[in-house]
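Report on the structure given below.
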Number of protein chains: 2
Amino acid sequence: MSIRHGLLALLSPEPRYGYQLRTEFEASTGATWPLNIGQVYTTLSRMERDGLVSPGEEDDQGRVVYMITEAGRAEMERWFSTPVAQADRPRDELVIKLAMAVTAPGVDVGRVVQTQRTATMATLQELTRAKRSAAGGTAQRLVLDSKIFQAEAEQRWLDHCEAVLAANTEGAQS
Amino acid sequence: MSIRHGLLALLSPEPRYGYQLRTEFEASTGATWPLNIGQVYTTLSRMERDGLVSPGEEDDQGRVVYMITEAGRAEMERWFSTPVAQADRPRDELVIKLAMAVTAPGVDVGRVVQTQRTATMATLQELTRAKRSAAGGTAQRLVLDSKIFQAEAEQRWLDHCEAVLAANTEGAQS
DNA sequence: ACAGCCATGTAACTTGTTACATGATTTT
DNA sequence: AAAATCATGTAACAAGTTACATGGCTGT
């Protein structure tokens with residue numbers, strides 16, 4: 001529900017039209033998660049269906065301007081004041097992959113870990129480079145930082161996995 | 001595509017029936033991401049449609065046993081040998097929420113951060129408790145560890161956000 | 001008898017996502 | 001004139017998810 005709420009938040013200060021929303025969404029969250037323009041319109045339609053936004057009159061330039069409704073504002077406030085719970089998060093593909101690699105016989109877990117480590121390292125370097133070039137405002141920088149923190153945590157976890165697996169094979173099977 | 005591939009991996013050593021797949025999936029990944037049994041069957045149907053699995057004959061006890069196909073095995077190997085890329089990951093709701101909180105006027109970002117920090121702290125304690133009780137095999141333990149690493153990274157990032165925002169309000173706006 | 005687990009399945013829905021069609025305006 | 005950008009929208013699909021229907025078997 002990230003996009004819905006994101007658009008809702010962008011509409012909260014004042015009405016906007018679809019194309020503008022994409023631009024501003026990407027300006028806030030950065031270029032790493034590009035937002036297809038079609039999706040803006042589908043999401044707006046669905047939010048209209050759910051009573052969160054309503055299309056006002058057209059622009060002076062004929063653009064369709066949406067504005068947030070009462071219900072939409074309430075939903076936005078609920079969103080900001082409710083923490084993201086553990087259960088809300090999507091399943092982590094890497095974690096499932098490793099769990100399966102450990103479980104399934106005949107899979108070289110070490111190789112899976114190594115492959116991922118290389119990729120994550122490359123990601124990390126790219127992110128660091130992006131951070132050095134330092135375009136964008138506070139929001140974009142924080143998004144970048146989040147990705148860096150997450151990639152670093154992933155590296156540490158991969159190290160940890162290797163250590164655990166090494167200890168497992170040398171000693172008894174678990 | 002985590003569940004598809006997860007089921008595929010579980011089917012790789014030998015054929016299984018649906019109910020069994022749920023049990024084993026949860027045994028590998030832990031109870032934190034419960035898997036609805038209905039989903040196992042829908043996913044199996046779709047995988048059959050895509051030629052990744054095929055229902056063999058019934059069990060001696062009348063259970064519908066699925067087995068992995070050639071194409072399924074190839075897909076599984078591709079999965080294990082391909083790293084999870086940055087672009088593959090879903091949008092992070094918390095990150096978007098904070099980016100929007102920073103961007104939108106009239107939102108108390110500090111409160112959003114605090115609310116999340118409290119929740120994440122509670123999560124972390126719960127995870128640590130779960131780890132101490134230490135049921136489950138290697139896979140489950142690694143999944144738990146991953147969640148702990150991620151929660152810790154999230155706490156660090158929230159701290160970092162606060163620091164950046166404090167520096168921002170005391171000095172000039174960015 | 002009844003509760004609860006084992007077991008399979010389907011219908012319906014959500015969000016996310018893309019490919020495509022269409023046209024106006026602006027830049028080169 | 002052609003290319004690019006601005007702007008709106010639709011059709012179609014994927015994957016995940018749940019609620020429900022159905023029935024057999026097991027333990028109390």
Side-chain angles (χ1 to χ4, degrees), chain A residues 1-8 15-27 29 32-53 55-66 75 79 84-85 87-93 96-97, chain B residues 1-8 15-27 29 32-66 75 79 84-85 87-93 95-97:
Chain A
M1 315 268 283
S2 305
I3 290 174
R4 282 167 83 86
H5 287 114
L7 295 185
L8 216 47
R16 316 258 164 178
Y17 54 92
Y19 201 85
Q20 199 178 11
L21 285 170
R22 180 181 73 169
T23 309
E24 292 185 8
F25 189 94
E26 289 191 348
T29 60
T32 331
W33 289 319
L35 179 57
N36 186 299
I37 177 63
Q39 189 160 359
V40 175
Y41 297 109
T42 46
T43 304
L44 282 173
S45 303
R46 290 164 186 176
M47 284 199 284
E48 188 190 346
R49 173 199 65 189
D50 299 339
L52 302 176
V53 300
E57 299 138 40
E58 290 193 353
D59 218 15
D60 49 340
Q61 274 154 78
R63 294 173 292 202
V64 185
V65 172
Y66 278 84
E75 174 56 24
W79 188 53
V84 177
D88 297 342
R89 304 187 197 218
R91 290 173 212 281
D92 186 325
E93 183 170 0
I96 288 176
K97 190 188 286 194
Chain B
M1 316 268 283
S2 306
I3 291 174
R4 281 167 83 87
H5 287 114
L7 295 185
L8 216 47
R16 316 258 162 176
Y17 54 92
Y19 201 85
Q20 198 177 12
L21 285 169
R22 181 182 72 168
T23 309
E24 292 184 8
F25 188 94
E26 290 191 347
T29 60
T32 332
W33 289 320
L35 179 57
N36 186 300
I37 178 63
Q39 189 159 1
V40 174
Y41 297 109
T42 47
T43 304
L44 282 172
S45 303
R46 290 165 186 175
M47 285 199 285
E48 188 190 345
R49 174 199 64 189
D50 300 338
L52 302 175
V53 301
S54 74
E57 298 138 41
E58 290 194 352
D59 216 16
D60 49 339
Q61 274 154 79
R63 295 174 291 201
V64 186
V65 172
Y66 277 84
E75 174 56 23
W79 188 53
V84 177
D88 297 343
R89 304 186 198 218
R91 291 180 160 82
D92 185 325
E93 184 171 0
V95 176
I96 288 176
K97 190 188 285 194

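Just so it is clear, the structure is predicted and the values come from calculations on it, not from any experiment. Atom set for the values below is all heavy atoms of this structure, side chains included, hydrogens, waters and symmetry mates excluded. Here is how names work: the chains are called A, B, and so on, in the same order as the sequence lines, proteins then strands, and each is numbered from 1.
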ring-ring contact (aromatic ring centres under 6.0 Å, His included) involving B:W33 - partner list, sequence neighbours excluded: none
With sequence neighbours left out, what residues match A:R4 under salt bridge (Lys or Arg N to Asp or Glu O under 4.0 Å)? A:D50
Rounding to an integer number of Å, can you tell me how far A:E48 CD sits from D:dT10 P? 10 Å
Nearest whole angstrom, please: distance from the P of C:dT8 to the OH of B:Y41. 3 Å
Using salt bridge (Lys or Arg N to Asp or Glu O under 4.0 Å) as the criterion, list what pairs up with A:D88, not counting sequence neighbours. none
Results of side chain to side chain donor-acceptor pair (under 3.5 Å) for A:T32 - residues two or more places apart only: A:K147
The salt bridge (Lys or Arg N to Asp or Glu O under 4.0 Å) partners of B:E93 (sequence neighbours excluded) come to none
Between A:D60 (CG) and D:dA7 (C1'), how many Å, whole number? 14 Å
Readout for nucleotides 15-25 of chain C: B = base within 4.0 Å of protein heavy atom, S = sugar-phosphate only, - = neither; 5' to 3' it is BBBBB------
Check DNA chain C against residues 16-24 of chain B and give the residues with a non-hydrogen atom under 4.0 Å, in numerical order. B:Y17, B:G18, B:Y19
B:S2 to A:I96 - nearest heavy-atom pair and separation: CB-CD1, 3.6 Å
Euclidean distance, atom NE2 of residue B:H5 to atom C1' of D:dA15 [Å, nearest integer]: 12 Å
Tell me which pairs pass side-chain hydrogen bond (donor to acceptor under 3.5 Å, both in side chains) where either residue lies in residues 34-47 of chain A, with sequence neighbours left out. none
Just how far, in rounded Å, is C1' of D:dA15 from CG of B:L7? 12 Å
Taking atom P of D:dT8 as reference, at what distance in whole Å does atom CG of A:L44 sit? 9 Å
Which pair of non-hydrogen atoms, one from A:L52 and one from A:E75, has the smallest distance, and what is that distance? CD2-CB, 4.1 Å
Mind calculating the distance between CG (A:D59) and C1' (D:dC6) to the nearest angstrom? 12 Å
How close or far is atom C1' of D:dA14 from atom CG of B:L52, stated in whole angstroms? 14 Å
Under the salt bridge (Lys or Arg N to Asp or Glu O under 4.0 Å) rule, collect the residues that match up with B:R89, sequence neighbours excluded. A:E154
